[in-house]
Amino acid sequence: MPELPEVETVRRTLKNFVLHKTIDSIEVRYPRIIDGDVETFVSTLIHQSICDIDRYGKYLIFILDHDVFISHLRMEGKYNIKMKDEPYDKHDHIIFHMTDGTDLRYNDTRKFGRMQLVDKEHYREYPPLNRLGQEPMEASFDYIYPRIHQSHLPIKQLLLDQSIFTGIGNIYANEICFRMGMDPRTRGDRLSKKRILELIEVSSTILKEAIAQGGTTIHSFDANGIHGLFQVTLSVHAQTTCSKCKGPIKKITIAGRGTYYCPHCQKRRY
DNA sequence: CCGGACGCCTGAGGGC
DNA sequence: TGCCCTCAGGCGTCCG
């Protein structure tokens with residue numbers, strides 16, 4: 001599941017392949033990927049060039065000549081660059097045919113991903129982007145602190161709430177709790193100012209480290225497409241043995257999500 | 001208004 | 001070997 005660092009890697013990789021290319025036509029093989037009117041989406045975007053690709057949280061933001069559309073990869077969304085005569089994969093759902101004979105193909109096994117047109121000038125002020133909180137790397141204490149400190153929900157769940165921090169998914173939420181030495185069930189209102197300051201710092205550091213690791217794959221993509229799922233070093237997520245104390249990792253469910261933690265290294269409930 | 005439950009999907013994996 | 005059932009998981013929506 002691509003989280004902020006993977007989406008950032010996809011963004012950088014994609015820019016190398018599609019910048020300044022012009023969309024000739026769009027094939028929509030599975031319409032539900034597109035939020036809003038499909039015909040409008042297609043007719044608006046054709047004949048426009050891709051000027052830039054931006055990102056906010058886990059959203060990719062495609063800036064065209066006169067319009068902007070956003071793309072969320074959800075669980076398994078990925079992009080491929082192929083020549084137009086190459087056969088489609090069964091999970092290629094949206095095909096952007098470029099005027100230079102290449103295709104930008106959106107592939108998504110589970111069909112959870114979404115694309116939609118947004119207002120070119122003010123897209124950050126409208127849904128869904130205006131519902132997002134702050135990216136950990138740019139988060140301010142004044143914004144984050146009350147949202148954590150006034151909640152009785154477990155910190156793991158709060159880390160996944162995109163209206164507080166945006167960009168953190170299940171994997172990095174587990175990793176952040178681990179590096180904090182914090183039990184993921186710890187209630188938000190039990191964290192002190194100092195610990196929340198530390199939480200912002202740790203979250204930012206972990207995402208930056210992951211982006212740096214993804215940087216090594218920036219100029220290439222393999223047969224699986226541009227999905228940003230480079231090899232990140234995980235300390236606790238999906239592990240069986242703790243990377244620190246070598247004790248057993250425990251798996252529990254918090255808010256319906258698989259949560260891995262080390263009962264020895266993450267005892268602190270505050 | 002807050003938060004829990006559900007729906008959207010498919011393939012992997014377990015049970016038999 | 002193969003079929004069927006269950007389930008993960010981000011996020012929008014529904015509902016209590």
Side-chain angles (χ1 to χ4, degrees), chain A residues 1-8 10-11 28-38 55-61 69-79 88-94 105-118 123-124 126-136 146-177 184-189 203 207 210 223-225 227-229 232 234 236-240 249-261:
Chain A
M1 57 230 77
E3 304 181 28
L4 187 153
E6 291 78 23
V7 178
E8 175 60 16
V10 170
R11 183 187 77 83
V28 179
R29 310 179 77 216
Y30 187 80
R32 294 190 64 163
I33 298 290
I34 293 164
D35 276 332
D37 185 68
V38 176
R55 181 191 57 71
Y56 194 67
K58 305 178 198 173
Y59 284 87
L60 285 168
I61 302 166
F69 76 93
I70 57 175
S71 167
H72 195 301
L73 307 174
R74 294 283 183 95
M75 304 298 294
E76 303 188 24
K78 51 190 81 74
Y79 282 96
Y88 293 155
D89 179 86
K90 69 184 283 200
H91 300 301
D92 284 343
H93 303 308
I94 312 290
R105 300 182 182 176
Y106 178 73
N107 182 289
D108 189 343
T109 307
R110 295 213 172 150
K111 302 176 175 168
F112 276 5
R114 292 292 180 265
M115 294 179 196
Q116 70 177 94
L117 289 172
V118 292
Y123 55 83
R124 283 283 299 275
Y126 296 102
L129 299 189
N130 70 345
R131 299 195 189 105
L132 301 179
Q134 300 181 340
E135 298 190 343
R147 288 169 170 77
I148 302 280
H149 194 253
Q150 288 167 19
S151 175
H152 62 274
L153 295 173
I155 189 63
K156 166 75 189 298
Q157 189 173 347
L158 295 173
L159 285 169
L160 292 172
D161 183 339
Q162 301 298 302
S163 73
I164 305 176
F165 286 114
T166 186
I168 298 172
N170 200 37
I171 295 174
Y172 291 111
N174 286 335
E175 293 294 310
I176 290 163
C177 290
R185 293 166 295 191
T186 307
R187 290 162 47 139
D189 56 14
S203 303
L207 295 196
N224 296 319
H227 46 65
L229 295 182
V232 283
L234 298 175
V236 69
H237 181 83
Q239 307 298 302
T240 52
I249 293 299
K250 203 170 170 194
K251 186 183 181 188
I252 58 174
T253 299
I254 294 178
R257 309 242 174 67
T259 302
Y260 298 84
Y261 75 105

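In what follows, every heavy atom counts, from backbone to side chain, and hydrogens, waters and symmetry copies are set aside. Below, chains carry the letters A, B, ... as their sequence lines are ordered, and counting in each starts from 1. Bear in mind that the values here come from a model prediction, so they are computed numbers and not experimental data.
- Within 4.0 Å of Arg114(A), counting heavy atoms only, lies no atom of the nucleic acid at all.
- Along DNA chain C, the nucleotide nearest Pro128(A) and the nucleotide nearest Lys251(A) are compared for position; the residue whose nucleotide lies closer to the 5' end is Lys251(A).
- Rounded to whole Å, the distance from CE on Met1(A) to C1' on dA12(B) is 14 Å.
- Relative to the ring axis of Tyr79(A), Arg105(A) does not place its NZ or CZ within 45° and under 6.0 Å from the centre.
- Distance CZ (Arg32(A)) to C1' (dC9(B)): 9 Å, rounded to an integer number of Å.
- When side chains are defined from C-beta on, Ile155(A) counts as touching Cys177(A), because their heavy atoms get closer than 4.5 Å.
- Distance from the side chain of Leu153(A) is smallest for dG4(B) among the nucleotides dC9(B), dG11(B), dG4(B).
- Summary of the strand contacts: Ser151(A) and Asp108(A) both lie near DNA chain B, and taking for each the nucleotide with the nearest heavy atom, the more 5' one is attributed to Ser151(A).
- The residue Gly258(A) sits close only to the backbone: its heavy atoms come under 4.0 Å of sugar-phosphate atoms, none of a base.
- Per the geometry, NZ belonging to Lys90(A) stands 8 Å off C1' belonging to dT10(B), to the nearest Å.
- Using a 30° and 60° split on the angle between ring planes, His93(A) and Tyr30(A) fall in the tilted class, from 30° to 60°.
- Atom CG in Leu158(A) sits roughly 12 Å away from atom C1' in dG3(B) (whole-Å rounding).
- Backbone-only engagement by Gln162(A) is indicated by non-hydrogen atom pairs under 4.0 Å involving sugar-phosphate atoms exclusively.
- A salt bridge between Arg55(A) and Glu135(A) is present, with a side-chain N of the basic residue lying under 4.0 Å from a carboxylate O of the acidic one.
- Residue contacts for Gln157(A): at a heavy-atom cut-off of 4.0 Å it reaches the sugar-phosphate backbone alone, with no base atom in range.
- Between the P atom of dC9(B) and the CG atom of Asn107(A) lies a distance of 16 Å, rounded to the nearest Å.
- Not one side-chain nitrogen or oxygen of His152(A) sits closer than 4.0 Å to the OP1 or OP2 atom of dC2(B).
- Heavy-atom contacts of chain A under 4.0 Å fall on DNA chain C between two terminal nucleotides, which in 5' to 3' order are dA8(C) to dG12(C).
- The distance from atom CZ of Arg187(A) to atom NE2 of His149(A), rounded to the nearest 0.5 Å, is 10.5 Å.
- Judged purely by distance below 3.5 Å, without hydrogens or angles, the side chains of Tyr88(A) and Arg29(A) never pair a donor atom with an acceptor atom.
- The closest donor-acceptor contact from the side chain of Glu6(A) to the backbone of Glu3(A) lies under 3.5 Å.
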